[in-house]
Q: 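Below you will find the structure I want to go over with you.
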Amino acid sequence: MFERKRAWIVAVVAVFSLVAAGCSNDDNGGGGGSTGGSGGGGSNGSIWVLLPDTSSSPRWETDDRKYFGQAFDAAGLSEGADYTIVNAEGDPATQQSQAEQAIADGASVIVLTSLDPGSGGAIIDTAKEAGVQVVEYDRFNTGSSGGAAYVSFDNVAVGATMADVLTPEIDALPATPQVVMLNGCECDNNAFLFRDGYFATVKEKVAAGDWALVADQYTPNWGSNGEGQTIMEQILTDANNKVDAVFAANDNLAQQAINALQGAGIGPIPISGQDASAAGIQNIALGLQSMTVYKPTQAESAVASAIALALRAGDDIMSVTADYDFTIIGINAADGKPSDSATGDGVVPYFAEVPIGVTVDNIMDTVIADGYRTIDEVCTGDVSKTDFCKANA
């Protein structure tokens, strides 16, 4: 297990050192990956970032695209020549085509946020055969041969953070609280890890007779087509509207749960979320959502960018530094579970960052202070009339 944290100046120097190394290593042929095929343009090859969609979460276009662009620009790369960022808009065939275009373009590195493990695994295998390194970003592709690195947050800790915040609220409810777990998509290994994190608490509370578990359901496509609201409406019907709390796996699902609850004349009740989206923060200010998990995208993308630059230059990714806390652990390519070591047969180095729970009490000290969200985008419409906005806008 390795821990990395450096001051900002060190991070900047490190990034530019990687670029310099890339300029001086023209003969090393492709950043340590397998050779062959038409891709793998070595230290002169471009970096392609493949984003998944715009419907499962707004973060991919509003945050990740921006931060990757800023990181590569700061490293002296030119968009279109040295790096390209594309979005598959929810279509696996489009993402496969984008990967093939990256390989044909002579890419050294692909940073991949897949739409599902099957299509993602195929992209990884195709890229590796062509000598192109792959950084698995945010979503891990279980069952694939594994990329050069996986960059995400400690995803079990994400779910545990939800439980840490919601548990006191649920315990304060009268009688035996009826709890729902509205999980993410089974197409995403992270959804299982998030569930592991909050289910540890739910299981303990249910076993003790303190809570009752009403439903435990995964949501196709992360609710990108409104599936979360449909599922929640059915849960309410089956439970005769007796639902007291919801572990929603992200802000999008939280919103859909809120819609269903409001339609049934229920709430507000304790509800979790994730992504610290503008809508999620607004729901917290309105008292409709208890919390969200803030995973600083600028931190995640900064680490992924540094790894991509290191791979492009042929440098050791285990020595990468950034201005954010992360731990290098390992994840098994076969089953997507944490491993005992960061390296080894079938193990992908996992750069795991620390998630942050956000409630109305620390919005200003977290997402606003970091510039991840702004008061202007949060305090609009009815939200501007909340106590939070009156005190801070």
Side-chain angles (χ1 to χ4, degrees), residues 49-65 87-95 112-121 123 136-143 150-159 161-162 180-199 215-235 246-261 271-283 288-289 291-295 297 300-301 336 355 358:
V49 179
L50 310 188
L51 300 175
D53 55 45
T54 55
S55 56
S56 65
S57 174
R59 61 167 284 191
W60 305 116
E61 285 299 313
T62 61
D63 301 316
D64 295 83
R65 176 183 288 273
N87 192 307
E89 292 295 353
D91 185 357
T94 296
Q95 191 165 73
L112 171 66
T113 304
S114 67
L115 285 156
D116 63 80
S119 63
I123 288 172
E136 299 181 72
Y137 181 67
D138 198 77
R139 298 175 179 175
F140 190 69
N141 296 279
T142 306
Y150 172 49
V151 181
S152 187
F153 285 79
D154 184 332
N155 292 314
V156 174
V158 168
T161 300
M162 296 179 187
V180 168
M181 299 198 306
L182 189 61
N183 311 311
C185 180
E186 290 180 290
C187 65
D188 183 353
N189 185 65
N190 286 353
F192 298 103
L193 300 180
F194 300 149
R195 180 188 178 278
D196 286 347
Y198 51 74
F199 183 60
D216 175 12
Q217 294 198 26
Y218 289 90
T219 309
N221 305 310
W222 278 98
S224 60
N225 296 313
E227 296 94 340
Q229 183 169 338
T230 301
I231 289 172
M232 192 66 204
E233 288 169 347
Q234 187 60 54
I235 290 170
V246 180
F247 284 93
N250 73 357
D251 290 344
N252 185 42
L253 292 177
Q255 182 64 68
Q256 294 182 40
I258 290 167
N259 293 344
L261 289 162
I271 299 179
S272 67
Q274 178 186 178
D275 290 336
S277 66
I281 299 299
Q282 287 178 323
N283 279 333
L288 300 174
Q289 183 175 327
M291 60 85 68
T292 186
V293 178
Y294 171 38
K295 302 184 304 182
T297 306
E300 189 178 16
S301 59
V358 176

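Throughout, numbering of the chain's residues begins at 1 and tracks the sequence. Remember, it's a predicted structure, so these values are computed and weren't measured experimentally.
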Q: Does a side-chain heavy-atom distance below 4.5 Å link N183 with T219?
A: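 N183 vs T219: side chains apart.
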Q: How far apart are the closest heavy atoms of Q95 and T113, and which atoms are they?
A: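 That closest heavy-atom pairing would be NE2-O, 3.0 Å.
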Q: Checking side-chain polar atoms at under 3.5 Å, does N189 have a donor or acceptor matched by the opposite partner on T142?
A: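 On atom types as modelled, these side chains qualify, holding a pair under 3.5 Å.
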Q: Does Y218 have any ring pair (Phe, Tyr, Trp, His ring centres under 6.0 Å) partners at least two apart in sequence or in another chain, and if so, which?
A: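 Y218: ring pair (Phe, Tyr, Trp, His ring centres under 6.0 Å) contacts with F192.
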Q: Contact between S152 and N190 at the side-chain level, heavy atoms closer than 4.5 Å - yes or no?
A: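 With C-beta onward as the side chain, the pair touches.
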Q: Could you pull out the closest heavy-atom pair between Q255 and N283, with the gap in Å?
A: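 Smallest interatomic distance, heavy atoms only, reads OE1-ND2, 2.9 Å.
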Q: What residues, two or more places apart in sequence or in another chain, satisfy side chain to side chain contact (heavy atoms under 4.5 Å, CB included) together with S55?
A: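 Per chain and number, S55 pairs via side chain to side chain contact (heavy atoms under 4.5 Å, CB included) with D53, S224.
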Q: Listed by chain and number, what are the side chain to side chain donor-acceptor pair (under 3.5 Å) partners of E233, not counting sequence neighbours?
A: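 For E233, the residues satisfying side chain to side chain donor-acceptor pair (under 3.5 Å) (neighbours in sequence not counted) are Q229.
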Q: Which atom names give the shortest non-hydrogen contact between G184 and A249, and what distance separates them?
A: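 G184 and A249 have their closest heavy atoms at N-CB, 3.5 Å.
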Q: Please enumerate all residues that pass ring pair (Phe, Tyr, Trp, His ring centres under 6.0 Å) together with Y150, with sequence neighbours excluded.
A: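 Counting only residues at least two positions away or on another chain, Y150 forms a ring pair (Phe, Tyr, Trp, His ring centres under 6.0 Å) with F140, Y350.
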Q: Assess the side chains of Y137 and D64: does a donor N or O sit below 3.5 Å from an acceptor N or O?
A: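 Indeed, the side chains of Y137 and D64 share at least one donor-acceptor pair under 3.5 Å.
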Q: May I ask you to test the Q217-I235 pair for a side-chain heavy-atom distance under 4.5 Å?
A: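 Touching, per the 4.5 Å side-chain cut-off.
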Q: Minimum heavy-atom separation for D138 and W60, please, with both atom names.
A: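 Minimum heavy-atom contact is OD2-CH2, 3.5 Å.
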Q: Got V293 and K295 here, is their nearest side-chain heavy-atom distance under 4.5 Å?
A: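 They are in contact (side-chain heavy atoms under 4.5 Å apart), so the answer is yes.
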Q: Only one of M181, M291, Q289 forms a side chain to side chain contact (heavy atoms under 4.5 Å, CB included) with S272, so which one is it?
A: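 Answer to the side chain to side chain contact (heavy atoms under 4.5 Å, CB included) test with S272 among M181, M291, Q289: M291.
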Q: Where the side chain of T292 meets the backbone of A276, is there a donor-acceptor pair that is under 3.5 Å apart?
A: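 Yes, because the side chain of T292 sits within donor-acceptor range (under 3.5 Å) of the backbone of A276.
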Q: Could you give the distance from OG1 (T161) to CG (N155), rounded to the nearest 0.5 Å?
A: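 CG of N155 is found 10.5 Å from OG1 of T161.
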Q: For L115 versus R139, what's the shortest heavy-atom pair and its separation?
A: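 Closest approach of L115 to R139: CA-NH1, 4.1 Å.
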Q: Would you check if N141 and D116 make a side-chain contact, meaning some heavy-atom pair closer than 4.5 Å?
A: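 With C-beta onward as the side chain, the pair stays apart.
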Q: Do you know which two heavy atoms are closest between N250 and L253, and how far apart they sit?
A: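 Result for this residue pair: OD1-N, 2.8 Å.
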Q: Is a side-chain donor or acceptor of Q234 paired with a backbone partner of M232 at a separation under 3.5 angstrom?
A: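 Here the side-chain-to-backbone pair does not exist.
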Q: Under the rule for side chain to side chain donor-acceptor pair (under 3.5 Å), what residues qualify as partners of E186, not counting sequence neighbours?
A: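 Listed in chain order: nothing, the list is empty.
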Q: Charged N to carboxylate O below 4.0 Å: is that the case for R59 and D251?
A: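 No, R59 and D251 are not salt-bridged.
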Q: Nearest 0.5 angstrom please: T230 OG1 to Q256 CD, how far?
A: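 If I round to the nearest 0.5 Å, the distance is 8.0 Å.
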Q: Residues two or more places apart in sequence or in another chain: which of them pass salt bridge (charged side-chain N to carboxylate O under 4.0 Å, His left out) with E89?
A: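 For E89 there are no salt bridge (charged side-chain N to carboxylate O under 4.0 Å, His left out) partners, ignoring immediate neighbours.
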Q: Output yes when a side-chain donor or acceptor of N252 lies under 3.5 Å from a complementary backbone atom of W222, and no otherwise.
A: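 Side chain of N252 to backbone of W222, a donor-acceptor pair under 3.5 Å: yes, one is there.
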Q: Determine, step by step, whether T54 and N87 satisfy the side-chain contact (heavy atoms from CB on, under 4.5 Å) criterion, reporting the C-alpha distance in whole Å, the side-chain angles of both residues, the deciding distance to 0.1 Å, and the verdict.
A: CA-CA 8 Å; T54 55; N87 192 307; 3.9 Å; yes
Q: Mind checking the CD-OG spacing from E136 to S114? Nearest 0.5 Å is all I need.
A: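 One finds 7.5 Å between CD of E136 and OG of S114.
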